[in-house]
Amino acid sequence: MNTKTPLQSAYSTFVEQVNHAQVQRVSLGRDRIDYTLKPEFGHHRYTTRPVGSTDEVVSTLKRQGISVTIAPEPLPPASIAGLIISSGLLVGSLALAAKVSRAGAGTAVGMGKSKARTYGKSKTGVTFADVAGVDEAKQELQEVVDFLANGDKYRQLGAKLPKGVLLVGPPGTGKTLLAKAVAGEAGVPFLSMAGSEFVEMFVGVGASRVRDLFSRAKKQAPCIVFIDELDAVGKTRGGNPVGGNDEREQTLNQLLTEMDGFDGTNGVIVIAATNRPETLDPALRRPGRFDRQVLVDRPDKSGRLEILQVHGRAVALGEDVNLAEIAAQTAGFAGADLANLVNEAALMAARHNRQAVLMADFMEAIERVIAGLEKRSRVLTPVERQTVAYHEVGHALVGSLMPGSNRVTKISIVPRGLGALGYTLQMPESDRFLMLEDELRGQLATLLGGRAAEEVVFGKVSTGASDDIQKATDLAERAVTQYGMSASLGPVAFAKASAQFLDGGSDRRTTSPGVATEIDREVKQLLDDARNLALEILRLNRGLLESATQTLLETEVLDGERLKTLLAQAQAPAELQRWLAGGYCVA
Ligand code: ADP
Ligand code: MG
Ligand code: ZN
């Protein structure tokens with residue numbers, strides 16, 4: 001082990017390092033965790049303060065075969081209160097030690113018994129008031145609360161209760177907290193278990209744990225079964241015929257069987273959480289299983305303010321503390337990061353022997369937490385933020401002038417879950433089965449509008465538009481090869497019929513080399529023209545591009561009336577109508 005003094009790290013950083021299997025050994029203390037990274041990650045020693053329960057992390061470590069030791073507690077002060085508190089803690093840490101060592105020894109006795117923690121009536125003690133900044137998710141879950149609390153009302157009407165709700169979102173956004181809050185609000189028992197706990201080393205143990213969990217749930221209904229880290233059990237089956245994980249598949253099959261086995265009238269609702277929805281077996285999403293998906297995303301500025309208010313209640317805030325200002329400086333933070341921030345600031349104040357936490361403490365804490373987050377590129381630099389803002393406004397501005405039903409209804413620069421830096425939401429006003437040629441062309445220009453804005457403003461482009469370019473190219477290719485929208489090639493289908501249902505890359509019919517060249521030329525022409533039109537629109541509306549971007553940088557999200565009013569000022573260039581009619585040519 002490295003002998004240098006340990007570095008401080010944010011708890012969320014630690015969790016991330018554990019999830020990326022970078023951690024070599026861990027010592028769990030009462031309110032601190034000391035750990036060392038594996039040699040290939042620097043072999044450095046770190047110390048961090050846990051936020052909330054550490055069960056999840058411990059089980060991940062367990063799965064990775066990493067040794068977890070329990071740090072000895074310091075002797076308690078000889079007061080009655082001190083004795084009571086510390087004996088409680090002792091029991092807690094002994095229990096934890098027992099749990100960890102049992103997993104290490106792998107005794108098979110009693111292994112099939114579910115280790116699910118049960119909380120009695122509303123014992124989770126968590127309500128919706130504790131979860132902030134995720135209003136849409138709360139709204140969707142309100143219905144589940146109502147089902148659980150007033151099941152009879154629904155049963156009388158013959159309504160089917162939802163069976164499974166999948167909470168999807170990046171780590172630390174409050175998925176576990178939300179599930180507990182649903183139980184707390186409905187006043188029903190909460191049985192929780194992490195997906196990784198199902199998957200043990202003995203074949204069959206996971207499946208029997210699932211059975212056990214559900215049989216207990218049925219006895220306690222109405223209740224909530226919460227499966228955290230669903231991806232640990234729910235990965236697509238049969239991907240790997242050689243090294244397939246039989247145990248995991250059996251567990252997953254058992255879970256599917258259990259979910260099919262109750263009919264939704266007995267009041268057991270299964271809530272699961274994952275931050276890797278794309279890896280889940282499609283069977284889990286079928287009707288009657290996890291057919292509802294609720295997105296729990298990183299909060300925007302006003303959401304962050306609400307979360308800071310929730311966690312700020314627990315500490316003594318100095319008079320100079322401006323939570324709105326802190327919210328403005330913490331773009332990209334998830335709820336757990338904000339909870340951690342408040343805690344770090346309080347520690348900072350304690351170090352300075354202050355009576356209350358001051359703004360200066362928060363500022364220092366922000367720097368520390370950001371340093372941790374930046375490594376995972378979740379916090380944008382000011383220049384990146386600006387680039388993303390121009391890009392998103394570019395999409396929206398170009399889109400606002402295009403025909404058809406795909407109106408841009410929301411733009412955001414809150415860094416989102418899975419890879420996207422910002423996003424633009426286009427809402428079809430109704431289901432569409434046909435796209436007219438002018439709409440298709442409009443869609444192309446809108447897709448390329450983001451990159452065009454970067455070009456207009458900075459004179460150069462970033463790598464952030466690759467997805468847009470991919471989508472635009474696919475669409476242009478289909479226009480030419482499937483929809484017969486090219487004048488020179490005419491109404492000839494160049495894609496094989498069987499490939500038409502596949503979005504994107506199509507299987508082409510055998511064509512002469514000349515025709516293939518012409519297809520490529522036509523696709524490129526469509527895209528070049530769309531790009532030029534987008535550039536034209538943005539140059540003409542340069543002032544609006546600037547002002548809308550400033551507004552977006554200020555508020556992080558633009559939607560509804562505000563966005564509509566802004567975009568209504570956009571002017572159409574003379575070329576627009578010709579382009580839409582298909583006769584546009586810049587050459
Ligand atoms: P997830 O399950 O999405 O990874 P958790 O629910 O475990 O996140 O969040 C960890 C902790 O971070 C919570 O116990 C809470 O203290 C804080 N937290 C996260 N999201 C929120 C939120 N939306 N509102 C308030 N606190 C939050
Ligand atoms: Mg969680
Ligand atoms: Zn884009």
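In what follows, residues are counted from 1 in the order of the sequence shown. Numbering of ligands and ligand atoms starts at 1, following listing order. These numbers come from a predicted model, not from an experiment.
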Worksheet entry | 4.0 Å heavy-atom contact, A132 with ligand 1 | yes
Worksheet item: Between G172 and ligand 1, does any nitrogen or oxygen pair lie at a separation below 3.5 Å?
Response: yes
Discussion item. Is the shortest side-chain heavy-atom distance between V188 and I269 below 4.5 Å?
Written reply: no
Response to the item:
Ignoring waters, protein N/O/S atoms under 2.8 Å from the Mg ion (ligand 2) are T176 OG1
Practice prompt. Under 4.0 Å from a heavy atom of I307: give me the atoms of ligand 1 that qualify, with their elements.
Written response: 22 (C), 23 (N), 24 (N), 25 (C)
Worksheet item: With side chains defined as the heavy atoms from C-beta onward, is the minimum distance between M259 and V225 less than 4.5 Å?
Response: no
Worksheet item: Would you say L177 has any N or O atom under 3.5 Å from an N or O of ligand 1, going by distance alone?
Response: yes
Worksheet entry | Per-atom contacts, ligand 1 versus V131 - under 4.0 Å to a heavy atom | 23 (N), 24 (N)
Item to complete: Classify the ring geometry between H391 and H395 as parallel (under 30°), tilted (30 to 60°) or perpendicular (over 60°).
Response: perpendicular
Worksheet item: So Y46 and Y35, would you call those rings parallel, tilted or perpendicular, with 30° and 60° as cut-offs?
Response: parallel
Worksheet item: Can R478 and D474 be counted as an ion pair, charged N to O under 4.0 angstrom?
Response: no
Fill in: Distance (rounded to the nearest 0.5 Å) between F147 CZ and K163 NZ
13.0 Å
Item to complete: Could you see which bit of D130 sits under 4.0 Å from ligand 1, with heavy atoms only: side chain, backbone, both or neither?
Response: backbone
Worksheet item: Would you say H311 touches ligand 1, if touching means a heavy atom closer than 4.0 Å?
Response: yes
Worksheet item: Which atoms of ligand 1 sit under 4.0 Å from any heavy atom of P171?
Response: 4 (O)
Worksheet item: Can you give me the NE2-the Zn ion (ligand 3)-NE2 angle for H395 and H391, to 10°?
Response: 90°
Practice prompt. Give a yes or no on whether a salt bridge exists between R542 and E546, defined as a side-chain N under 4.0 angstrom from a carboxylate O.
Written response: yes
Worksheet, complete the sentence: Tightest non-hydrogen contact, residues L447 and D468, listed as O-CB, 3.4 Å
Practice prompt. Please determine if E185 and K138 form a salt bridge, counting it only when a charged side-chain N lies under 4.0 Å from a carboxylate O.
Written response: no
Worksheet entry | Salt bridge flag under 4.0 Å for residues E556 and K301 | no
Fill in: Presence of N, O or S from D468 under 2.8 Å of the Zn ion (ligand 3)
yes
Fill in: Side-chain H-bond candidate by donor/acceptor type, E439 with Q443, under 3.5 Å
no
